Every structure is written in structure tokens, then in C-alpha cells.
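Note that the numbering runs from 1 along the sequence shown for the chain. Remember, predicted model here, so these are calculated numbers, not experimental data.
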Amino acid sequence: MAWYDEAIFYHIYPLGLCGAPKENSYSEPVHRLRELLPWIRHIKEIGCNAIYIGPLFESVGHGYETTDYKKLDSRLGDNKDLADFVQTCHKEGIRVILDGVFNHTGRDFFAFQDIRKNRENSPYRDWYCNVNFGGNNEYNDGFSYENWGGYNLLVKLNQHNPAVRDYICDVIRFWVSEFDIDGIRLDAADVLDFEYMKALRHVANEVKPDFWLMGEVIHGDYTRWVNEGTLHSVTNYHLHKALYSGHNDHNFFEIAHTVKRLYEMGGNRPEGLKLYNFTDNHDVERIYTKLTNKAHFAPVHILLYTLPGIPSIYYGSEFAIEGRKEQGSDDSLRPALNLDDFSDALAQNPYTGLIARLGAVRQETPALSYGDYKELILTNRQYAFSRNAEGVSVIVTVNNDDSDFVMTVPAGSADTYTGKLSGETISVVNGNIVVNVRANSGDIWVPLAGEEKGKSTEVEDILEPLSEPIAPEEPENMIVAEKTETPDSQKTYEDGKIAGLQEAIIAIMESKGPVTDQMRKDVCSQTHYPSLINWIKSF
């Protein structure tokens, strides 16, 4: 087990969050990174124990056109600011990984500047791909070169050149010795040379125990990148797309089939493919913006925190802020935020409260980090699965419908489950739990050790008259001699009591929305008195 197996990430785009100028004047450092120190406590309070922050190093504009790999961007401060930031994170038990932009550099990088000056005589002419001194470009350099993404601002490094590999490997060593970082996210990993990545993995194994390499990969078979020789993990864009479209289209099949395909990629083993899961980041629109029904924020994030993989929250999305691409610009995705504006979010913002609760549940429930995955129930609008580890079976139920839905879900070997979000307790009957999944919500059901804790008070007006002949606390196996009825009348009495509870459950369900024949069948098939009591409590 490594630290990243239990990681919950908080993703920061620092130039945006700190409100840095869009262009770098290369002037004296402005210590904006220090403004992020109060965010560390907030990050911990919402249950995150790792930070992915970047890009950080000297660059021209958005940060991915690196000018100097060994100098903090002067718009953010100096190297001491970064060292202090990482040290403060470590004191709070938070790991830190940085953006490694090793596919390309900016035009102000020393090697490229030497080529511009010395042309064919530059010792760095082979540091970049396809440098052609018979060509030209929009900068009128008098030569052309291969770029990334069609932007000549981003000059593609020649990753086959041993000198380039040695230089980048030394950069990683420098970052560890200078800043004590815990890992690197490789930008544009899907276009990196595999031998190049193997060299980076070799250094990762060398510099620090459990040093983590995660790569930005959009499409394809993720196992090409995630293996013992290259990277530990990659960005899970497959699940990212499924999470929002699966809710917008009321199509849990898309999500479940994506999870199944990825789980199979990893050999159907929980440790086989631990991907970096996210709902949004600095390149895509905010999840709150993308959701047609904003109430789906809850089931989306319950899935983010419980499905196989490593969950991540992009800064500000815990507050449910908006962020939309506008005229090709990512500026609205990378806003400056003042933490003081969200000082009461934990108490007053239900979205922030949910994220914090999910973070706590994830940290205290090992099966969500190490457990296998088994699909239990799947419809367009309802989905249940289990995560099983070391004999503990955790059950997750979600509902994207505007009405509550009652699920009968196969359970583990425990007698009782508790909902970590609702606080409700449910007894296992005939190997199942019967749970009411609230509209556009869900719960995480964990085996409960010991006796049931308390009872719901929301339905006391129903519970009291129905349970008056035999109080809920009264032993279920009370002998017939304690009643005056004959055995036949006792059976009639018990049947009437069960029927009354069933009718009450159906009445409650009808008050909350349409009741299908299957829902009625599920209620009528449940004849265990304590389970029916628990079912009523669940409302």
C-alpha cells in the first residue's frame, strides 16, 4: 500500500487561483503563492489529503510554455515560497504533486534561445523535433520546428535525445531535493515517447519511496501507460464523460458500462488500474455548469468518491461554482477566488458539506480505496454496487430520478448496515437490505458493528400507532402465552400488523411520487417486521 492508494486530491491551477497576470513580465517576484497557505486548512477540512498543483515554473503566459524548470514563476513568488508551501502541506498530512510539462518548452527556454542565436552551430539544435533551417514561421525565426497542438509557442522536445532525457531527469531530482514533492503529473502524457516515460519512472523509483507518476491521457487503452514500467496512473477521461452525460441523459448504463470496461482493463482486480478520477479540471467546463439538473451534483460526487479509482476535486467546484468555455477561452475555468468569500461554506453551502462528508467517509472506509467492484443493480435511473475488502462489503446506492426509489439490494455477511450520509440503519433480511434512495441522491452503506443507534423521528406519527400493540423495542420472539389470542388469532394479528406497515410504506411512497407495480411488489414481498420498521424510518 502506498499513500496514493488512499489519496483524495485537490487540484489547483495556481496562476488562476492567485489572480496572476496573463503575461509574464519576468520582473521581481510577486509572492502570490503565499496567499494559498490558508487554503491548505480548507483543503484538509473537506477531506482531501493530497494536492495536485501546477503549472508552477517560470513561463510566458498560461504556464505550459516553460521558460525555466528550476525557478518558480515570478508571478507566484520565488523558490522559497514553493518550498514553504510544500512543507506546510506536509505538516498537515497533505502530499503534493506538481505539473511536469516535459513534452515541450516555451520559446524563451534557454535551449531554444541558443538555436535562435547560433542556428546550425547550436549544441541544442537536436533538443527539439524536426528543426529545419530551410523553413520559417510566424515569428520569422528563419527556421521551422515541430510544435505541440499546432502552437509554435510550444516547441516539442526531442525525447529520443539522451541529453534531453538526462536534463529532464535532473529536473525531477532537483524538484525533490529543493521542494520535497511527492509526485508529478505529466502533461500531455498521451503523446510522450514510451521509452522517455520509462526513464522518468526509473528516476521516480530512485528519488523517493512511493513517488507517484500520473499522466494526462485522454483516450485509448489506459494500460498502455499504467504499468510497472511507465506510470502509476492516468487521468480518467472515460469516466469523466460518463459521469456528467450519464446523469444528463438519465443513463446509468453509460456509467456502469464504462466502469466495467475500465475494471476489466485492470484485470478485474482492485489494484489493477487505479485511475485519477475527476468531474472537472482546468481544461473542461465545471461540473455544476455541465449538469442539466443541478440536483445531480450529489449522485455524481457520491460516485466519484466510491467507484474504483482516486477521486479529485478541482478548486472551487466544492462550492458548486460555474465555469464555461467562452469563445475558446479557458479563463472562466481558472478564476481567482478569495477564500474569505467562502468562509461559511462548510456550514451553509450544502455542496461543500457533501464534499466534506464524502471525504471523511472515503478516509474512514478502506474498502472504497482497496475493495473490489461488483455491480448489484442497474437501471437507467438507479445504480447499486459493492466494494469488498477483507470481508467488509460496502454498498453504494444512487438515484438520478426526481422521485425516491426503493431498492432491494444484495448485502454482505453483516446483520445491519448504516448509511454514512443519511445516518440511517437497515437490517439485513434474507441476504438483502431494502433501502429508500432519495430523489437525485444516494448513500454509502457500511456494515454496522453493535446494536442499532437511535431511530428516525420524521415518521413518528406513523410508527407510533402501527407499533403500539408491540413496541419496536420489544423482543421479536415474544412467546404466544404473553398474548390472550389463540395461535390462529395470533397469526391473524401478526399478518394484520405486517399488512398495516406495508400499506403505510406504500402511502408514503405515493405521497412522494408515482409508485410502480415493481415498487409495490418489493414492499409486499417484505414480511419481516423489523425490516418494515426500518423501511419506514428511512423516509
Side-chain angles (χ1 to χ4, degrees), residues 1-9 49-50 95 183 185-186 189-190 194 197-198 201 204-205 209-217 219-243 246 252-278 302-312 361-378 383-398 409-414 444-447:
M1 295 185 295
W3 66 265
Y4 43 79
D5 290 325
E6 299 181 13
I8 304 168
F9 273 94
N49 53 22
R95 306 280 185 156
R185 176 261 196 191
L186 296 177
D190 45 8
F194 281 91
M197 283 187 285
K198 288 179 182 178
R201 176 62 177 268
N205 294 340
D210 297 332
F211 192 83
W212 194 55
L213 283 185
M214 184 265 288
E216 179 193 25
V217 175
H219 304 295
D221 181 350
Y222 290 150
T223 59
R224 294 182 61 208
W225 291 271
V226 181
N227 53 64
E228 289 300 316
T230 49
L231 309 181
H232 297 92
S233 184
V234 295
T235 51
N236 192 355
Y237 271 88
H238 290 303
L239 183 62
H240 157 255
K241 190 270 177 185
L243 282 174
F252 273 151
F253 282 94
E254 179 183 3
I255 298 174
H257 290 179
T258 299
V259 173
K260 181 180 179 182
R261 184 173 72 253
L262 294 171
Y263 195 63
E264 288 173 349
M265 277 187 195
N268 290 312
R269 298 175 297 114
E271 71 279 9
L273 197 62
K274 288 201 171 181
L275 301 174
Y276 181 88
N277 295 343
F278 62 96
I302 291 170
L303 291 177
L304 174 69
Y305 274 77
T306 58
L307 286 169
I310 301 168
S312 172
V361 172
R362 174 88 182 195
Q363 289 196 30
E364 66 193 24
T365 312
L368 297 179
S369 296
Y370 300 105
D372 65 12
Y373 165 82
K374 183 179 180 181
E375 182 184 298
L376 301 177
I377 292 175
L378 179 62
Y383 180 24
F385 57 89
S386 64
R387 303 293 309 278
N388 310 284
E390 298 184 352
V392 175
S393 179
V394 174
I395 298 169
V396 179
T397 54
V398 285
V409 190
S413 58
I444 304 165
W445 301 94
V446 177

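With rounding to the nearest 0.5 angstrom, the CG atom of L231 is 6.0 Å from the CG atom of L213. Between L273 atom CG and N236 atom CG the span is 8.0 Å, to the nearest 0.5 Å. Remark: L275 CG to L239 CG distance equals 8.5 Å, nearest 0.5 Å.
For the side chain to side chain contact (heavy atoms under 4.5 Å, CB included) with V398, the lone residue among I377, I444, T306, L303 that qualifies is L303.
Residues N49 and W3 have side chains not in contact (no heavy-atom distance under 4.5 Å, counting atoms from C-beta outward). Counting heavy atoms from C-beta outward, D5 and S369 have side chains that stay 4.5 Å or more apart. In this structure the side chain of R387 reaches within 4.5 angstrom of the side chain of P308, judged on heavy atoms.
For the residue pair T397/W445, the side-chain donor-acceptor check at 3.5 Å is satisfied.
Taking every heavy atom of both residues into account, A242 and E254 meet most closely at CA-OE2, 3.7 Å. The shortest non-hydrogen separation linking P270 to G371 is CB-O, 3.1 Å. In this structure, R201 and N227 approach most closely via the heavy-atom pair NH1-O, 3.1 Å. Nearest approach of I395 to P410, heavy atoms of both residues: CD1-O, 3.4 Å. Of all heavy-atom pairs spanning A367 and V392, the tightest one is CB-O, 4.3 Å. Pairing each heavy atom of T235 with each of M214, the nearest pair is CG2-SD, 3.7 Å.
Residues satisfying the ring pair (Phe, Tyr, Trp, His ring centres under 6.0 Å) criterion with H240, sequence neighbours excluded, are Y237, Y244, F278. Considering only residues two or more places apart in sequence or on other chains, Y305 meets the ring pair (Phe, Tyr, Trp, His ring centres under 6.0 Å) condition with none of them. N388 meets the side-chain hydrogen bond (donor to acceptor under 3.5 Å, both in side chains) test with D372, S386, S393; sequence neighbours excluded. With sequence neighbours excluded, the residues satisfying side chain to side chain contact (heavy atoms under 4.5 Å, CB included) with P366 are Y370. Partners of T258 under the side-chain hydrogen bond (donor to acceptor under 3.5 Å, both in side chains) rule, at least two apart in sequence or in another chain, do not exist in this structure.
Judged purely by atom type and a 3.5 angstrom limit, R95 has no side-chain atom pairing as donor or acceptor with the backbone of Y4. A donor-acceptor pair is defined here as one N or O able to donate and one able to accept, closer than 3.5 Å; no such pair exists between the side chain of K274 and the backbone of H232.
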Next item on the list: Show your reasoning for whether side-chain contact (heavy atoms from CB on, under 4.5 Å) applies to V394 and T365.
Entry: CA-CA 8 Å; V394 174; T365 312; 3.7 Å; yes
Note to self: Using the rule given for side-chain contact (heavy atoms from CB on, under 4.5 Å), can you reason through I310 versus W212, listing the C-alpha separation, both sets of side-chain angles and the distance that settles it, and then say yes or no?
What the structure shows: CA-CA 13 Å; I310 301 168; W212 194 55; 3.9 Å; yes
Check: Should L378 and F385 be marked as a side-chain contact (heavy atoms from CB on, under 4.5 Å) after you check the CA-CA gap, both sets of side-chain angles, and the distance that decides it?
Finding: CA-CA 9 Å; L378 179 62; F385 57 89; over 6 Å; no
Side chains of residues 259-269: which donor-acceptor pairs under 3.5 Å do they make with residues two or more places apart or in other chains?
unit_1, atom_1, unit_2, atom_2, d
Y263, OH, N268, O, 3.4
Y263, OH, Y373, N, 3.3
R269, NH1, E271, OE2, 3.0

